[in-house]
2 protein chains.
Amino acid sequence: MSRFTILPDPRRQNEARLTPCAACEVRDLAICGVLNGAEIERVGAIVSNVRVEGGEVIFFEGDDAEHVFNIVAGVVRLFKLMPDGRRQVTGFLYPADFLGLALSATYAYSAEAVTPVRLCRFPRGKLERLLEEIPRLEKRLLGNAANELMVAQDQMLLLGRKTAKERLASFLMHLSSRAERRGETADPIALPMSRTDIADYLGLTIETVSRTFTRLRKDGLIDHADPHVVHVLDRGGLEELAGL
Amino acid sequence: MSRFTILPDPRRQNEARLTPCAACEVRDLAICGVLNGAEIERVGAIVSNVRVEGGEVIFFEGDDAEHVFNIVAGVVRLFKLMPDGRRQVTGFLYPADFLGLALSATYAYSAEAVTPVRLCRFPRGKLERLLEEIPRLEKRLLGNAANELMVAQDQMLLLGRKTAKERLASFLMHLSSRAERRGETADPIALPMSRTDIADYLGLTIETVSRTFTRLRKDGLIDHADPHVVHVLDRGGLEELAGL
DNA sequence: GCGGGATGTTGACCCGAATCAAGGTCGCCG
DNA sequence: CGGCGACCTTGATTCGGGTCAACATCCCGC
């Protein structure tokens, strides 16, 4: 019934208790980065560690929003579905990203693991109580939300007004600069998601995504032997196309 | 140089001081709805009343984000521009809506008045200090942001996956239910914005918007003698089309 | 009341991306 | 190691919405 496995190995649970949030590998980048030692312990007391296999559901649009999450490792896709199956991917989340903020009682979108994922899970009620006591954390969440809104507006511009080539260039530049911000390499861009995911994110079909990759390659802007690794050959040209 | 006129008539300024935020006509619907008497006075001490003519700029993307605003009366459009002039309208704001939340030092989008507008203007720094002292207000802003994010995701689905007919139906249902929430009539839907605005909001051209209005009319879903007033003939059909 | 600009509608045609269809590549399991 | 299924690429054709163009309507100022 459960959609994820709480780490079942007692040794691991123990390990989680011994090296909790204080030693979290994404702490500084995540919302927890604003917390001091005493505060981080309080957070540690309410979180669970959760694993989800690639392709598995984390939650569905309409589910009771009982938890919020921080991504510790792996990549997650968020999406909305129409009754006839049309899908719009609204975002890809990476380690340190926050997931599940909902005003209403239910989630407004679905979340699935793209790769195997490790999540830090907060019961919503307990987190809300913690927010009362740590205004700095609430401020951090507000900053987060403002940032997500900015990204969402960029995405609306992309979906409403850009051509297929511009969309793909924007997507690649976006991934590249995010990787850089996380301290990873900006040049060979890793694409953990499938062509279908990319298409549903960019408002295109898989065929158009594939053809557009080929066009960018023929134009000398990128190179890719492996469909999931893209080498940037002409960053300036890509940025130009992306509209930056 | 200034893009707006602070009420110049001393009688009015006086009036504003005598009947300030406490008597604000949109107070309950706006973020100020969470404030008590003493708090609202503190807000009243930092706001200015501002008027903007229809078609005038409120701020441009890239401007220093010195103020945030509450809309008291009128309709505002938010949009992003590409270097070649392509425009994406990211939202229409109505009385009681909050405007200008920005994490960065500059606005991430432009705002213009669609109709003549009255704004309540907060210097950003002063509001931030107020937020420190009134956590309830910050919580309200967070709720606001979460809500805007939900709307933004719906809009991404619209822009990425819906047909022209579905987009227009979604738009009309959206306006209608917002009007209802503000206590206005849900049936004759007022469209204060131009076809160009609607097109740039829905990721279409004005011609397609116009043709699609005609199609909805021929399908018996709506009626409109005046292009800025739409009568709903078949709400169920529109909702179905909109995907609800 | 009349002329002109802004806004909206309609028609003819075109084009970029969708659809339909066929292979290609890779990895996994028997 | 061979076959099957998932995923990606490429080609041929179609189609929804864009572009270009003409015209209608309204409003505003003179």
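Residue numbers start from 1 in every chain, and the chains themselves are labelled A, B, ... in the order their sequence lines are given, proteins ahead of strands. Predicted model only: the values in this text are computed from it and were never measured.
Checking the phosphate oxygens (OP1, OP2) of D:dC8, a side-chain nitrogen or oxygen of A:H228 falls inside 4.0 Å.
With salt bridges taken as basic N to acidic carboxylate O contacts below 4.0 Å, one links B:D219 and B:K165. Ionic pairing of B:R211 and B:E207 is not present here: no N-O contact between side-chain nitrogen and carboxylate oxygen is shorter than 4.0 angstrom. At a threshold of 4.0 Å, the pair A:R87-A:D197 counts as salt-bridged, since one of the basic side-chain nitrogens sits closer than that to a carboxylate oxygen.
If you measure from atom NE2 of A:H224 to atom P of C:dC26, you get 14 Å, rounded to the nearest angstrom. In this structure, CZ of B:R195 is placed 14 Å from C1' of C:dT10, rounded to the nearest angstrom. Atom CG in A:L216 sits roughly 12 Å away from atom P in D:dT9 (whole-Å rounding). Atom pair B:D200:CG and C:dT7:P shows a separation of 13 Å (rounding to whole Å applied). Rounded to whole angstrom, the span from the CD1 atom of A:I198 across to the C1' atom of D:dC8 amounts to 11 Å.
Here the side chain of A:E56 pairs no donor or acceptor atom with the backbone of A:E53 at under 3.5 angstrom.
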Protein proximity profile, nucleotides 10-18 of chain D - base contact B, sugar-phosphate-only contact S, no contact -, cut-off 4.0 Å on heavy atoms: BBB----SS

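Remark: A:F122 engages no residue in a ring-ring contact (aromatic ring centres under 6.0 Å, His included) (not counting sequence neighbours).
The CD1 atom of B:I206 sits 11.0 Å away from the CD1 atom of B:I198 when rounded to the nearest 0.5 Å.
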